[in-house]
Structure formats: C-alpha cells, structure tokens
Amino acid sequence: NNIQQHVINNSYCKDNNYIDFKDHYLNNDTPLFNPNYIRYYRQFTHIRYMNLQQTSPSVNTCYREGNFNQTCLNKKISNSQFPKLTDITWGGTHKTNRLDRIGQGLPLEVLVNLINALDIHPWMVIPHNADDDYIIALARALDRISPHLTTYVEYSNETWNGTYLAHHYLKLKTDNSDKYGLAKAYVIETTRVHNLWRKTANKPFKRVISGYQGDPSLSKVLLENGVSDVLAIGGYYYGCFKVNILCKEQDLLTNETTV
C-alpha cells in the first residue's frame, strides 16, 4: 500500500493490498505523479525548477537575422503566463512562440502538489522579465508547501552567459563603463525580486545570488553589492565516464570557487 512503489500488477502486492492507479486518479482531486519519478528524485535534498517551469529562455527567443527585436527583449510576463489546470497542454507546444513559452511550466496547483509529494526543498528561478504580479502569484503559491520545506529564490539563470536572453535584457540596464556593470544590474534586479517575495510570502525563504565557478572576482562583486543567503556558483559535476579536468583534480572546483 505504498503509493510511491510501482509494480506491474497486483500479484506483487502482499495480501492483495494495493492502490489502483486509475481508480486513485479518478477519485482523488490531488494530482497523482508517477511513483518512479517521485522515488528517483527523493534521493536529492533540493531541486531547481528552472527547466520544468521554463524560466531561462535562450538568446534565440528575440534574435532575428543578426539583430535583437527590442520589443521582444523588453516584453514583461505576468501571472497570466502560468498555465491553467484546464488547459489542453502545459508548457506550450512546438508551435508556441518562444517568447510565449517563458514561464509556461506547470500550473501553480500542480507545482505545489509536486513539491509536497517530493518533500524536497524547492529552488525557484524567476524569469528575467517577470513583472510584480508574476512574482506575487508564485510567492503566494509557495506559501502552500509543507511547513518544514524552505523555498530558495533566484532571479534568472546565468545572467553572465550570453547564450541566455537574460544577459542581453540586463545589458540594457548596464553601465557599460563599469567592467562589472552587468553584474551590478543583476544585483539590482535580484534585490527587487527578493524584497517583493519577502513582502508577499508568509513563509521564510532563502535568497539566492548566482556567480560563475571560473570567476571568483565576479562572486566578490555580487556579495559586496548585494545581500543574499546563498551563493550559487554554476558548477557542474561529472560522472567521469570520460577523462575530465574536474575528475583529475579533485580540489579544482573548490579552489576556483573560493571567494
């Protein structure tokens, strides 16, 4: 009778004690997630919902024939961007305009139920062009997660990386005479998001600010100009199936990210 344990048929269940997936789905208002999915992710302590919520669009979203579409680059998204439970699809389709896909992840009700089913601290990434209503709606929704879970809140993703749209969005707000002007613009937007989340949410949360593992000086600028609880460094860990510098030198990651 373990809802997180999936078996092929009821012959695997002791004393014929089981929950039929179909019957549970039809008679329960709470979304039922694939037990294998839940069981796999429960081995982690935190999950970053950037991809699932589609909050880090590529530069191609607004780049056409060698130029940026400024209207596209400056367009804000609001809470109407969240899909509804009754929508035929969630997250858009291959026919959905790239700009319209931003933030088109799970409906907020499903997101909250998934976080509670996983019972793992959520790390939310706010789209670079989210307006106040989007942030407020998400913060209020995350108030409904289990009391012992803590939400981590990050503005955008890898804003130092020119392959993402957020980098070019922030360049419009950057003092180009300052080597770290873009980083400081990022701090301003991060502070805006964190302050609004604090005013809206009833639950405590962790403020995330993100640097880059190969540039400790960037992390110093971020920490000197902003206030955060967590510094994310964008480090990637590899399984060493191929020879990799991160595998050959165990101390490299620590050395490159020490501020």
Side-chain angles (χ1 to χ4, degrees), residues 41-56 103 105 108 111-112 114-116 118-161 164 166-167 169-170 173-174 180-237 253-259:
Y41 280 102
R42 277 189 169 173
Q43 66 185 298
F44 304 102
T45 60
H46 300 72
I47 291 182
R48 192 168 183 244
Y49 286 83
M50 181 189 76
N51 286 335
L52 191 59
Q53 292 303 104
Q54 300 196 126
T55 56
S56 183
L108 290 177
L111 175 65
V112 169
L114 175 59
I115 292 170
N116 286 334
L118 289 169
D119 200 32
I120 295 170
H121 302 298
W123 178 349
M124 308 310 302
V125 177
I126 308 300
H128 68 277
N129 56 347
D131 69 6
D132 287 358
D133 289 340
Y134 180 102
I135 299 166
I136 290 170
L138 185 59
R140 287 175 175 169
L142 270 290
D143 266 346
R144 302 197 297 272
I145 66 174
S146 298
H148 64 279
L149 296 177
T150 299
T151 301
Y152 289 69
V153 181
E154 176 188 13
Y155 169 73
S156 195
N157 168 63
E158 293 191 8
T159 56
W160 45 265
N161 189 339
Y164 294 113
H167 174 87
Y169 175 83
L170 286 177
K173 305 172 181 289
T174 295
Y180 287 105
L182 190 141
K184 293 174 182 177
Y186 164 63
V187 168
I188 291 172
E189 289 299 302
T190 293
T191 303
R192 176 183 72 87
V193 169
H194 289 162
N195 286 345
L196 182 55
W197 194 284
R198 182 186 296 106
K199 291 178 182 177
T200 304
N202 292 314
K203 283 173 58 65
F205 69 101
K206 296 291 186 181
R207 300 164 295 181
V208 180
I209 199 164
S210 300
Y212 168 52
Q213 70 176 60
D215 188 359
S217 60
L218 171 60
S219 296
K220 289 182 180 179
V221 170
L222 296 176
L223 294 174
E224 287 171 357
N225 288 273
V227 178
S228 64
D229 304 301
V230 179
L231 171 66
I233 57 172
Y236 293 89
Y237 293 84
L253 185 61
T254 301
N255 292 339
E256 286 198 348
T257 56
T258 300
V259 178

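When reading the values below, keep in mind they use all heavy atoms of this one structure, side chains included, and skip hydrogens, waters and symmetry mates.
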query = Strictly by modelled atom types, are E154 and S210 linked by a side-chain donor-acceptor pair under 3.5 Å?
reply = yes
inquiry  = Could you check whether any side-chain N or O of D215 sits under 3.5 Å from a backbone N or O of L218, counting only pairs where one atom can act as donor and the other as acceptor?
reply    = yes
task = Scan V153, T55, L196 and name whichever one has a side-chain contact (heavy atoms from CB on, under 4.5 Å) with I126.
result = V153
inquiry  = Using side-chain contact (heavy atoms from CB on, under 4.5 Å), reason through H128 and T159 one step at a time and then give a plain yes or no.
reply    = CA-CA 9 Å; H128 68 277; T159 56; over 6 Å; no
pair I209-V187: side-chain heavy atoms closer than 4.5 Å = yes
query = Does the D143 side chain pair with the main chain of K203, one donor and one acceptor, at a distance under 3.5 Å?
reply = yes
key: Minimum-distance pair of heavy atoms, taken over all atoms of L108 and A137   = CD1-O, 3.9 Å
inquiry  = Please report the interatomic distance CD1(I115) to CD1(I120), rounded to the nearest 0.5 Å.
reply    = 10.5 Å
ask   = With a 4.5 Å limit on heavy-atom distance, are the side chains of V125 and S56 in contact?
value = no
message = Main chain of G211, side chain of W160: is a donor-acceptor contact present, judged purely on distance under 3.5 Å?
response = yes
ask   = Taking C-beta and beyond as the side chain, do I136 and R140 meet within less than 4.5 Å on heavy atoms?
value = yes
task = Determine which pairs satisfy ring-ring contact (aromatic ring centres under 6.0 Å, His included) with at least one residue from residues 139-158, sequence neighbours left out, and list them in order.
result = H46-Y152
request  = Sort out for me which residue in N195, V227, V230, T191 forms a side-chain contact (heavy atoms from CB on, under 4.5 Å) with R207.
outcome  = V227
inquiry  = Pair L222, Y180 - check side-chain contact (heavy atoms from CB on, under 4.5 Å), show working.
reply    = CA-CA 9 Å; L222 296 176; Y180 287 105; over 6 Å; no
ask   = Roughly how far, to the nearest 0.5 Å, is OH of Y186 from CD of E158?
value = 10.5 Å
Nearest heavy atoms of S156 and A166, plus distance in Å = OG-CB, 3.0 Å
key: Where V112 and A141 come nearest, the two heavy atoms and their spacing   = CG2-O, 3.3 Å
key: Interatomic distance, R42 atom CZ to I47 atom CD1 [nearest 0.5 angstrom]   = 10.5 Å
Pairwise side-chain contact, Q53 with L111, heavy-atom cut-off 4.5 Å (strictly under) = yes
Closest contact, heavy atoms only, V208 versus H194 = O-CE1, 3.3 Å
Distance-minimising heavy-atom pair for N116 and S146 = OD1-N, 2.7 Å
ask   = Where do E189 and L170 land on the side-chain contact (heavy atoms from CB on, under 4.5 Å) test, with the steps shown first?
value = CA-CA 9 Å; E189 289 299 302; L170 286 177; 3.7 Å; yes
Inter-residue atom distance L142.CG - W197.CH2, 0.5 Å rounding = 4.5 Å
side-chain contact (heavy atoms from CB on, under 4.5 Å) between D132 and R192, intermediate numbers included = CA-CA 9 Å; D132 287 358; R192 176 183 72 87; 3.1 Å; yes
query = Between CZ of R48 and CE of M124, what distance do you get to the nearest 0.5 Å?
reply = 10.5 Å
task = Compare all side-chain heavy atoms of T150 with those of H121 and state whether any distance is below 4.5 angstrom.
result = yes
inquiry  = Just checking Y49: does its OH atom have more than 12 heavy atoms from other residues, nucleotides or ligands closer to it than 6.0 angstrom?
reply    = yes
ask   = In Å and rounded to the nearest 0.5 Å, what is the CG to CD1 distance from L114 to I145?
value = 11.5 Å
